[in-house]
Amino acid sequence: MNTDDIERYDPLTIEPPIAARWRDERAYSLTPRPSADRGEGDETYYALTMFPYPSGDLHMGHAEIFSIHDALVRHLRMTGKRVLNPIGWDAFGLPAENAARNRGADPRGWTYANIDEQAATIARLGYSFDWDTVLRTCDPEYYRWTQWLFLELLDAGLAYRREALVNHCSSCGTVLANEQVIDGVCDRCGTVVERRPLTQWFFRITDYADELLDDLDTIDWADRVKNAQRAWIGRSEGAEVTFRTADAAGKAEDIVVYTTRPDTLYGATYFVFAPEHPLVAARMGDDPDYQAYREAVGRRSEIERLSSFDSDAGGGRAKRGFRLDFDIVNPVTDEAIPAYAADYVLMDYGTGAIMAVPAHDQRDFDFARQEDLEVRVVVQPQDGEPLDGATMAEAYAGDGTTVNSGVYDGLDWRETKERITADLEAKGLARATVNFRLRDWLISRQRSWGAPIPIVHCPSCGEVPVPAEDLPVELPDDLDFQVQGSPLALHPTWQHDVVCPACGSEDARRDTDTMDTFVDSSWYFLRYLAPQDDTRAWPVDAANVWLPVDQYTGGVEHATLHLLYSRFVVKAMRDRGHLAADEPFQALLNQGQVILGGAAMSKSKDNLVVPGEVYETYGADTLRGTLLFASAPEDDIDWADVSPAGMNKWLARLWRLSLEHLAREAAGTAEDHDADGVRKATARAVVGVSEDMAARKYNTAIAKLMTLTNAVLDATRDGSGGPAVREALTTLVTMLAPICPFVTEELWARFGQDGSVHDQPWPRADTDLLVEHEVVVVVQVDGKVRGRVRVPSGADQDTVVAAAHADESVAGHLDGRDVARVVLVPDRLVNLVLGG
RNA sequence: GCUCCGGUAACCCAACUGGCAGAGGUGGGGGUCUCAAACACCCUUCAGUGCGGGUUCGAAUCCCGCCCGGAGCACCA
């Protein structure tokens, strides 16, 4: 056959009309919409991918995750699942404000233009999202319910306002978000950022700390993500111990510390307060040296915290201390020990004060050496050189026996820990407690492209929630982004254009902060159930059926923020009766990154590969196939190692084989010369690809489809090919459909098949074809391969051993010696172990 | 320092629950086609699995100790 007569594979011509049709016809919209009715029993499936942030067009990372997600979704549909597959945009955030400030753009217009661009690319690439679910978090119809969520949490006592240290830039006259502070300076003007106390809104996520930790065991997430959350939550068990200032009777004050090692109390040779501790401020506030110290620490701490360290431990960081003019009494030794303020003690962990045990804590040890304080060993390791506080080079935090601790000497340190805690508890001086590293979630942002916090401040009523029926509290559309400070707070009328909902006072004003954008994204998966519902945030009955999300896909960079916040919100809403699930996302798949030459791609490095370069040259199918073939979904893809040209070549080959076959049929010459071989190859591919698709190993699924292609190529090389080849090709096209939806749709039509290939049931293999009557069994002698024998499948040990003995090369290695033991792996291998 | 992931052919990547190390691709070499080239097609090339121990009839796979690379967390008492 003359290949010149065959129409070339031309994806740039065949793909766009199909893409447009799918989008215009809403080909992948779920009907009926989600409701309490599961429809067909357990066949419903909620597939979710992290919604994009619209800061320009899609990048390669989006293309990767969407290609993985779409293969998963299309495959599930073909296996009979009813799949909810929504899309939306995480549309509030700082880049829109920056565009407004730097280029005079309108944040709303800028955002919507980017969304349109991304939506067009998504459609062009054939991702089968349900376009009837689209939501944007910056729409008033959406953030109305974000504000409702805030009021729910407020009503539940899970939202509260308190003073907190925040980043403040004196030059810009505004508070900054953590992301706006780069290496301790304002990213706008370069001024060193100060930490200032300001009153801010928090969500009480710490109320759920234990449950957030424990329920990690119930969800199917990668260990690294779970571990990141465990570390972030940071549960520790210890005791609160009461110390006392060394003052005359009557004047002494109690001061409580938290420690995980109450067994080392006898080794506490000094005492440290956080610099801003209220007891210190009360006693030292007038001391000019102390004031200077505090100022220096406050100014520098942020820079220190954000700078990197090449030290061998956290203790390598310089510690700035200040000797206070009073002492503290150690409750077990009754000694007066010196008190310090030092910046290595944090005000917002534990009680903001510690007992320092330099012999057994590296940070305390470093500080003690620096200040020349006593290092007293109270735990001796079981073996090795005994520790000497005067000469030891580092703290010892390992196991050991208690020493220098009165009646507790000689006990294992764990035993000492329990006994000391119990003894002090009996005297009212201690209490066993659990502590968490997790802090409450600060959600106030001094920004203007976000959901306004629905609170009115009234001079007589205080903080008054905006009544639910008055939501949304809408952003004004005439913000001036050129002002120094928060445009919303500096808007001439917005905050005053309100009366107190409680008393009607005209002096009331709106809260001018907006919510952290992570609040927007902490519940969007619930809104997808009914994005147009203007009577409630989500339908409770549908939520009870569809939550948790069956499969969530997205980047691992959200391990401790978005994923933790969403879990908190679901648990809180559950406790308010708005849904039944304990967790938002039952299974999580984290895709790898797309990198280039071993380094992350970025605009600043000018090493960006964008999806357009690929799909405008080779088409969307090649882009999708390339990304899925490059590696397993979880692994990184180095673009330097992949070959879109190779993927394109394979698709072109499949195209050519298909059209050649159709030409044979048209010419009436379609006959198989090896029908059995082709059918067997087809059945083998169906079995293998089905397994791989179910396990989401798209790279090996594609390899097996290539193998089948090669088998068809071999079978048709002589120009023959009949029904078996047609079956092989249509089956191949069906199985490739989730990965390369366009070329498969086109070929499906060319093969004269009805409907869309994407509506076909997933192929089943004729496994009878795969039953072998004879198998080749590998023969090992003492574990080394010495030959192969052909035996009937299912042959028993005697038969196989007899066949092995009959094999010349095997017999040579047996050398007449006795076989002491036979290990048989049926139909695969036999190992003859010779006697001593 | 702690946690997680990875290390197999020139390169990327496979190998079910321990059972013949190779499915697939890239690249290299040779060839067919062509006036020539590109494309396409055909043939071919290439590792004993990072290192050292151990368990086992048998280890890329399991265990222990290292080395290298990547990611995350780190003054949390």
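By convention in this document, chain letters (A, B, ...) are assigned in the order of the sequence lines, proteins followed by strands, and residues within each chain are numbered from 1. Hydrogens, waters and symmetry mates are skipped; everything else that's a heavy atom, side chains included, is used.
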Colleague: Find the partner of U3(B): check Watson-Crick (N1-N3 plus N6-O4 or O6-N4) and G-U wobble (N1-O2, O6-N3) distances, both under 3.5 Å, and reply none if neither fits.
Modeller: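 Looking at the geometry, U3(B) pairs with A71(B).
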Colleague: If you find the nucleotide of RNA chain B closest to N831(A) and the one closest to R8(A), which residue's nucleotide is nearer the 5' end?
Modeller: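 It is R8(A), whose closest nucleotide lies nearer the 5' terminus.
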Colleague: Among G24(B), C13(B), G19(B), which nucleotide sits nearest the side chain of R828(A)?
Modeller: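 Among the listed nucleotides, the one closest to the side chain of R828(A) is G19(B).
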Colleague: Using the side-chain heavy atoms of R656(A), tell me which of these nucleotides is nearest: C41(B), C20(B), C13(B).
Modeller: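 Of C41(B), C20(B), C13(B), C41(B) is nearest to the side chain of R656(A).
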Colleague: From the set C57(B), C20(B), G25(B), return the single nucleotide nearest to any side-chain atom of F629(A).
Modeller: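 Looking only at side-chain atoms, F629(A) lies closest to G25(B).
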Colleague: To the nearest Å, give me how far apart CG (L561(A)) and P (G72(B)) are.
Modeller: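 Result: 13 Å.
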Colleague: So, is K697(A) near the phosphate of A15(B), with a side-chain N or O under 4.0 Å from OP1 or OP2?
Modeller: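 Yes, K697(A) has a side-chain N/O under 4.0 Å of OP1/OP2 on A15(B).
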Colleague: Is the gap between the ring centers of F322(A) and Y340(A) under 6.0 Å?
Modeller: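 No; Y340(A) has its ring centre 6.0 Å or more from that of F322(A).
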Colleague: Among U26(B), C41(B), C20(B), which nucleotide has an atom closest to any side-chain atom of L829(A)?
Modeller: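 For the L829(A) side chain, the nearest candidate turns out to be C20(B).
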Colleague: Pairing check on C41(B): which nucleotide meets the Watson-Crick or G-U wobble criteria with it, both distances under 3.5 Å?
Modeller: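 The answer is G31(B), by the H-bond criterion.
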Colleague: How many Å lie between CG on D635(A) and P on C4(B), as a whole number?
Modeller: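 Result: 18 Å.
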Colleague: Measure the distance from NZ on K784(A) to P on G48(B) and round it to the nearest whole Å.
Modeller: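 Rounded to whole Å, this separation is 17 Å.
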Colleague: Does S643(A) have a side-chain nitrogen or oxygen under 4.0 Å from the phosphate oxygens OP1 or OP2 of G27(B)?
Modeller: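 Indeed not, no polar side-chain atom of S643(A) lies that close.
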Colleague: Measure from the side-chain heavy atoms of N699(A) and tell me the nearest of A14(B), G24(B), A40(B).
Modeller: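 The listed nucleotide nearest to N699(A)'s side chain is A14(B).
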Colleague: Whole Å only: how far is the CD atom of Q780(A) from the P atom of A21(B)?
Modeller: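 Q780(A) atom CD is separated from A21(B) atom P by 8 Å.
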Colleague: Which base sits across from U56(B) as a Watson-Crick or G-U pair, both distances under 3.5 Å?
Modeller: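 By the stated definition (distances under 3.5 Å), nothing pairs with U56(B).
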Colleague: Kindly determine whether K417(A) and T264(A) satisfy side-chain contact (heavy atoms from CB on, under 4.5 Å), including the steps that lead there.
Modeller: CA-CA 8 Å; K417(A) 178 176 173 176; T264(A) 62; over 6 Å; no
Colleague: Of the nucleotides A23(B), U26(B), A74(B), which has the atom closest to the R437(A) side chain?
Modeller: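 Nucleotide nearest to R437(A)'s side chain: A74(B).
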Colleague: Just to be sure I understand the rule, does L713(A) reach a base, reach only the sugar-phosphate, or reach nothing, if contact means heavy atoms closer than 4.0 Å?
Modeller: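 Contact class for L713(A): sugar-phosphate only.
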Colleague: Is the NZ or CZ atom of K319(A) positioned over Y344(A)'s six-membered ring, under 6.0 angstrom from the centre and within 45° of the axis?
Modeller: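 Yes, K319(A) and Y344(A) form such a contact.
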Colleague: Is the NZ or CZ atom of R437(A) positioned over W232(A)'s six-membered ring, under 6.0 angstrom from the centre and within 45° of the axis?
Modeller: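 Yes, a cation-pi geometry holds between R437(A) and W232(A).
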Colleague: Rounded to whole Å, please give me the gap between CD in E691(A) and P in C16(B).
Modeller: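 After rounding, the reported distance stands at 11 Å.
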Colleague: Surrounding CD of E371(A) (heavy atoms of other residues, nucleotides or ligands, distance under 6.0 Å), is the total greater than 12?
Modeller: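 Enclosed.
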Colleague: Would you check if there is a donor-acceptor pair between the side chains of T206(A) and D440(A) at a distance under 3.5 Å?
Modeller: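 Yes, a side-chain donor-acceptor pair sits under 3.5 Å.
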Colleague: What's the closest nucleotide to the V823(A) side chain, out of C20(B), G19(B), G24(B)?
Modeller: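 For V823(A), the side-chain atoms sit closest to G19(B).
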Colleague: Using a 4.0 Å heavy-atom cut-off across all strands, classify A630(A) as base, sugar-phosphate, or nothing.
Modeller: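 The answer is sugar-phosphate, as A630(A) gets under 4.0 Å only of primed atoms, P, OP1 or OP2.
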Colleague: Consider the side chain of D641(A), meaning its heavy atoms from C-beta on, and name the nucleotide among C73(B), A77(B), C11(B) that approaches it most closely.
Modeller: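 For the D641(A) side chain, the nearest candidate turns out to be C11(B).
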Colleague: Calculate the interatomic distance between L651(A) atom CG and C39(B) atom P; express it in whole Å.
Modeller: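 Roughly 17 Å, once rounded to whole Å.
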Colleague: When both hydrogen-bonding distances must be under 3.5 Å and the geometry is Watson-Crick or G-U wobble, what is C16(B) paired with, if anything?
Modeller: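 Matched C16(B) with nothing under the 3.5 Å cut-off.
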Colleague: Round to a whole Å and report the spacing from CG of N227(A) to C1' of G72(B).
Modeller: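 So the two atoms are 10 Å apart, to the nearest Å.
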Colleague: Quick one: is A40(B) close enough that its OP1 or OP2 comes under 4.0 Å of any side-chain N or O from R653(A)?
Modeller: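 Result: no.
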Colleague: Any side-chain N or O of Y258(A) under 4.0 Å from OP1/OP2 of A77(B)?
Modeller: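 Negative; the distance criterion is not met.
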Colleague: Output the rounded distance in Å from CZ (R224(A)) to P (G70(B)).
Modeller: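 Going from CZ in R224(A) over to P in G70(B) covers 16 Å.
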Colleague: Would you indicate which nucleotide in G24(B), C75(B), C4(B) comes nearest to any side-chain atom of M706(A)?
Modeller: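 My answer, after comparing the listed nucleotides, is G24(B).
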